[in-house]
Amino acid sequence: MNAVANHPIALSDCGQYFSYCTLDGQLKIWDTLSGHLKQEYTPSSHLSATCVTISWPARHPQPVQQEDGVDVSPKKKRKRRTSDNVTQEVQSLELLALGTVTGNILLYSVVKSDLHSQLTADGHEDRVNDMSWLTAADSLFSCSSDKQVIEWCISTSKVKKKWTPDKHSLSAICAIDSTNVLIAGNSIKWLDWEQKTILRHFSGHASEVHLLKHVRLPDTDEVYNSYFLSSAVGDRLVNAWQMKTDSRQRVSNSLASFALDDESISLDISSIKANHPILITVVTRSGLLYIFEHVLNGHRKAPIVPKVTIRLATPASNRVPSKQLMILSAQVCSDREVLLIYGSLLAPTFERIAYDKCDQTETLIRKDTYEGVKPTLQVDSGFTKIKSPLKPKNATVVGPAGMAPTRQTVALNNNNEISTPVEVNNQLPEAIESTKKSAKTPKKPTEERLMTFEERLVVSNEIPDTSAAAQPSSDSLTHLLVQGLQSKDKKMLETVLNTTDEKVMRNTIKKLPIDCVSMFLYELQSCLFNKSEQTVVYLKWLEQLLHLRLTFLMSLPNVEEEFAPLLELMNARTHILDRIYRLKGRLNLMISQIRAQNSTDYISRQKPAIDYESSSSSDASDDEDLMDDDMRDLGADDDSSDEDNDDNGVDGDDHQMTDDDTYEENLMSEDNDEDYDSNKYTETE
C-alpha cells in the first residue's frame, strides 16, 4: 500500500490513471495523459468507513490466436474460459478496489463512474491493509488487521476461502497465482494457498512490511527460483528475496539490499528480459526518486547504491528562494523512461523523463503548478471599518497558559468608526492604565520628603528599582508542541526540539497530553533517522520522554510497532560498536607501551650529578689490624701479671677484667669519633 501524508495513493498498471483518497473518504482519479481530474466519487459511508488502501489490477496483453494461419481475435471466438471473461470484464470496466477501515471492500468502475459491487458478506472484521488482484483465477486477495486472509470471487462478490495463517495483524499481500501467495506482517511468509500450509519464512525486517512486489522470470511463469522485493515501515532498505524450497532450511535471508536515505512510499519494477538488468524505481517519504539497475543472479553482502537520484525544485529568484517539489509516485514506462507524479495532491503534475541522460544526482527545475490554483481570499480594505486593537511595544506574549478569558466590546468613536477595545479580567484598557499608574507612583513618606538631596541619592542607590516590570518567562513549551503535532508544522516542532534546557524538556513532557505521546515519539524517531547536527538534542528529548512516559508507552497494545523504528536505528548504529571498542583498547595499549618505553629510555640516559667514593672501608680494615696487635700485647702482659699475682696472693682475674673493659671503652670512643668525622665530611661534600 502506497501512502503520502496518510492519503492512500495508487497508479494503474498501464500508467493511465492516478488515484488517491482524501481524509474524508473522497476518491479522486486523474488522467496522466491530459493532466486533468477525470472523476470524483464520494461513497455513502465516507465518514464512518474511510478508504485506507487502493489497488489496481495488473493488465496483461491478450494473446492473438491463429486458426488455419489466420489471426482470430478473442471476441470472435465463441467458447471462452471463465477466467478470460473475468479478465476482459475487469479490463473493460476499468475496476479498482477500495479497502476501508471497517473491513469492507468496494469495487469501483471508472467506465461507469460508480460502484460496481461491494465485498462485505462474511468478510473482514477490522481494517483492510492491502489487496492483490488475480483476475486469471477470478479472485481478489485481501489481508486485514484481524489476522485473516480472504480470497474473494470477483464475479459473485462472495468469499471463496478464508484462513488465519499468522498470530499477528497482516499489512501486505501479493498473490502470485492461485496456489502461491506472499503475506507479510513483521515477517514474510510464503503460503501454499490450496493446502493451507506455510512453505517458507523470510526474516530480515524489524518493523511491519508495507510493500511487496513479485518479480517474474523472463519467458516463464515458474514461481520457484523467482524473486520478490519488500520494504518495511521506517526502513531505509529495499530487500530482494529468492523463492526457494529447501527442507533443511525453513528461514531464508535476503539476497540483496538496495540502500535509501529515507522510508519508501512507492515501489515499481520493470519487466525482466533475458540477460538484462532489472529496473527498480523507489520514491521515499522525503520526496526523492531512486533508480536502481541490477541483475538478480547471486548474493550481495554490501547494499546496492542507486544509479540515479532525482530531485525536483522550483526556480530561485532574488525575492523567493528555491524550494523542493515532492515526488508522489513513479512508474517505469519503458526501458529508459519513467513516469513522475509530483507537486501537491490537490493539483499533481505528470511528466515522463528519460533517466539515462541524468547524472548520478540530478536536480530538475520545475514550476510549482499548485501556486497558480491555490485558493486566496481577497478583502477590500475600504469595505470594512473594523480596527484591531493596538499592541503596546513593551508587551511580551508568553502563551495561552494561565491567561484569563478575554471578551471584546464594540463601540463607536468620534468618527463613527467601529473600535474594539479588549477587556482583560473584566477591566477596560483605560482602567488598567490608571491602575498601573497608581501602582507605579506610590505616595512618598514624610521622612523621605524632608530629606536632603544627598540623603535622597543614598536612599535611591540602596533601594532597588521596581518600576520596570519583570519580564514573564515560561518553563514549558507544551502548547507549542501540541499545536505542532496536531498541525504537523515543521517550524513549530523545530522551535521546540531546538531547546537544550533540560528543565524545559522535563516540564514540557510532564504536561504533554497522553494522546500526543505516541505522535511525539514518532516525530523524534523521524528526526533521528535524518542525520543532522541536532541529533544530540533529539536524543536528550527521547531520554526525557522514556524516563517520564515509559510506563504509558509500555501499556500500548502496539508497543512493538511504536518502538520498531527506534530498535532498528539502534541496531544499525551500534552493530560495529564492539569492533570499535576492541580497536580502542588495542590503541590505548600500544600508546601506553610507547609512553612507558620513552620514559625508561629517558631515565637510563640521565647522568648522576655527583660521584662520591667512601673511605670508611679502608679505615675499618686499619682499625681491625690495630685491634689485633693490641690484643696480642695484652695477652703477653696478662701472662706476666698472673704470675705476679699468684706469687703475691692477690686475685688477678678481677683486675684483668677491669683493665680490659677500660681499654675496650677507649677503643670504641675513638672509633665513634672517627665515624662522626667521616659522616660530617660526607654531609659537607
Side-chain angles (χ1 to χ4, degrees), residues 1-2 4 9 11 13 15 58 172 174 182 184 188 202 204-205 209-218 225-243 252-312 326-342 351-364 529 568 572:
M1 180 193 72
N2 302 343
V4 176
I9 63 173
L11 195 59
D13 191 68
C174 179
L182 294 172
I188 306 173
F202 301 91
H205 292 289
V209 179
H210 67 113
L211 293 176
L212 280 177
K213 206 78 172 180
H214 182 249
V215 182
R216 296 184 179 274
L217 295 175
N225 296 327
S226 62
Y227 305 92
F228 70 92
L229 305 178
S230 65
S231 180
V233 176
D235 199 351
R236 293 184 291 180
L237 291 174
V238 174
N239 292 337
W241 314 80
Q242 188 173 16
M243 303 179 66
S252 178
N253 296 325
S254 61
L255 190 68
S257 299
F258 301 90
L260 305 173
D261 288 340
D262 202 353
E263 176 188 349
S264 61
I265 60 173
S266 176
L267 175 65
D268 191 61
I269 58 176
S270 64
S271 58
I272 296 183
K273 297 181 180 180
N275 300 325
H276 284 78
I278 183 175
L279 182 63
I280 304 173
T281 60
V282 183
V283 179
T284 60
R285 190 171 296 277
S286 57
L288 302 180
L289 173 63
Y290 296 88
I291 301 176
F292 299 88
E293 279 190 358
H294 181 65
V295 179
L296 297 173
N297 58 358
H299 183 73
R300 289 285 299 270
K301 294 183 179 180
I304 302 170
V305 297
K307 181 179 180 180
V308 178
T309 302
I310 297 178
R311 176 187 178 188
L312 299 180
M326 298 294 292
I327 300 178
L328 306 176
S329 184
Q331 188 181 56
V332 182
C333 298
S334 61
D335 293 339
R336 299 294 176 182
E337 196 175 41
V338 177
L339 172 63
L340 287 183
I341 298 97
Y342 61 90
E351 182 180 355
R352 288 171 171 82
I353 62 172
Y355 77 94
D356 57 342
K357 300 179 181 179
C358 300
D359 299 332
Q360 186 174 3
T361 302
E362 185 75 18
T363 301
L364 303 179
F529 270 101
E568 179 189 357

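Looking only at side-chain heavy atoms (C-beta outward), Glu351 and Leu364 stay at 4.5 Å or farther from each other. Side chains of Val282 and Phe258 form no contact here, defined as non-hydrogen atoms less than 4.5 Å apart. Contact annotation: the side chain of Leu328 never approaches that of Val283 to less than 4.5 Å [non-hydrogen atoms, C-beta and beyond]. For the pair Tyr355 and Glu293, the minimum side-chain heavy-atom distance is below 4.5 Å. The shortest distance between side-chain heavy atoms of Lys357 and Glu362 does not fall below 4.5 Å. Side-chain contact between Asn253 and His299 is absent, with no heavy atoms from C-beta onward closer than 4.5 Å. Residues Thr284 and Asp261 fail the side-chain proximity criterion, which asks for heavy atoms closer than 4.5 Å. Side-chain contact between Arg216 and Ser226: absent, with no pair of heavy atoms (C-beta onward) separated by less than 4.5 Å.
Going from atom CZ of Arg352 over to atom SG of Cys333 covers 4.5 Å, rounded to the nearest 0.5 Å. Remark: Leu237 CG to Ser254 OG distance equals 8.5 Å, nearest 0.5 Å. Here the CD-CG distance, from Glu337 to Leu340, works out to 10.0 Å after rounding to the nearest 0.5 Å. Considering OG of Ser230 and CG of Leu182, their distance stands at 9.5 Å, rounded to 0.5 Å. Distance check, rounded to the nearest 0.5 Å: CD of Gln331 to OG of Ser266 gives 8.5 Å. How far CG of Asp235 is from CZ of Phe529: 7.5 Å, rounded to the nearest 0.5 Å.
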Subject >> Stepwise side chain to side chain contact (heavy atoms under 4.5 Å, CB included) test for Ile9 and Ile341 >> reply: CA-CA 11 Å; Ile9 63 173; Ile341 298 97; over 6 Å; no
**OP:** Kindly determine whether Lys307 and Ile291 satisfy side chain to side chain contact (heavy atoms under 4.5 Å, CB included), including the steps that lead there.
**Re:** CA-CA 6 Å; Lys307 181 179 180 180; Ile291 301 176; 5.5 Å; no
Original post:
Would Ile310 and Val338 satisfy side chain to side chain contact (heavy atoms under 4.5 Å, CB included), going step by step from the backbone distance to the final call?
Top reply: CA-CA 11 Å; Ile310 297 178; Val338 177; over 6 Å; no
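Of the possible donor and acceptor atoms, one in the side chain of His210 sits under 3.5 Å from a partner among the backbone N and O of Ser264. Proximity of a side-chain donor or acceptor of Ser270 to a complementary backbone N or O of Leu279 within less than 3.5 Å is detected.
The side chain to side chain contact (heavy atoms under 4.5 Å, CB included) test with Val332 is passed by exactly one of Ile269, Ile278, Thr281: Thr281. Screening Asp268, Val238, Ile280 for a side chain to side chain contact (heavy atoms under 4.5 Å, CB included) involving Lys213 leaves a single residue, Asp268.
Relative ring orientation between Phe228 and Trp241 is described as parallel, the plane-to-plane angle staying below 30° on a 0-90° scale split at 30° and 60°.
Residues Val209 and Ala184 share a closest heavy-atom pair of CB-CB, 3.7 Å. The two residues Glu568 and Val233 have their closest heavy-atom pair at OE1-O, 4.5 Å. The two atoms that bring Gln242 and Asn225 nearest to each other are NE2-O, 3.6 Å, heavy atoms only. Counting all heavy atoms, side chain and backbone alike, Tyr227 lies closest to Leu296 at OH-O, 2.9 Å. Closest approach of Tyr290 and Pro306 over heavy atoms only: CD2-CG, 3.6 Å. Between Ala232 and His205, the shortest heavy-atom distance links the atoms CB-ND1, 3.6 Å.
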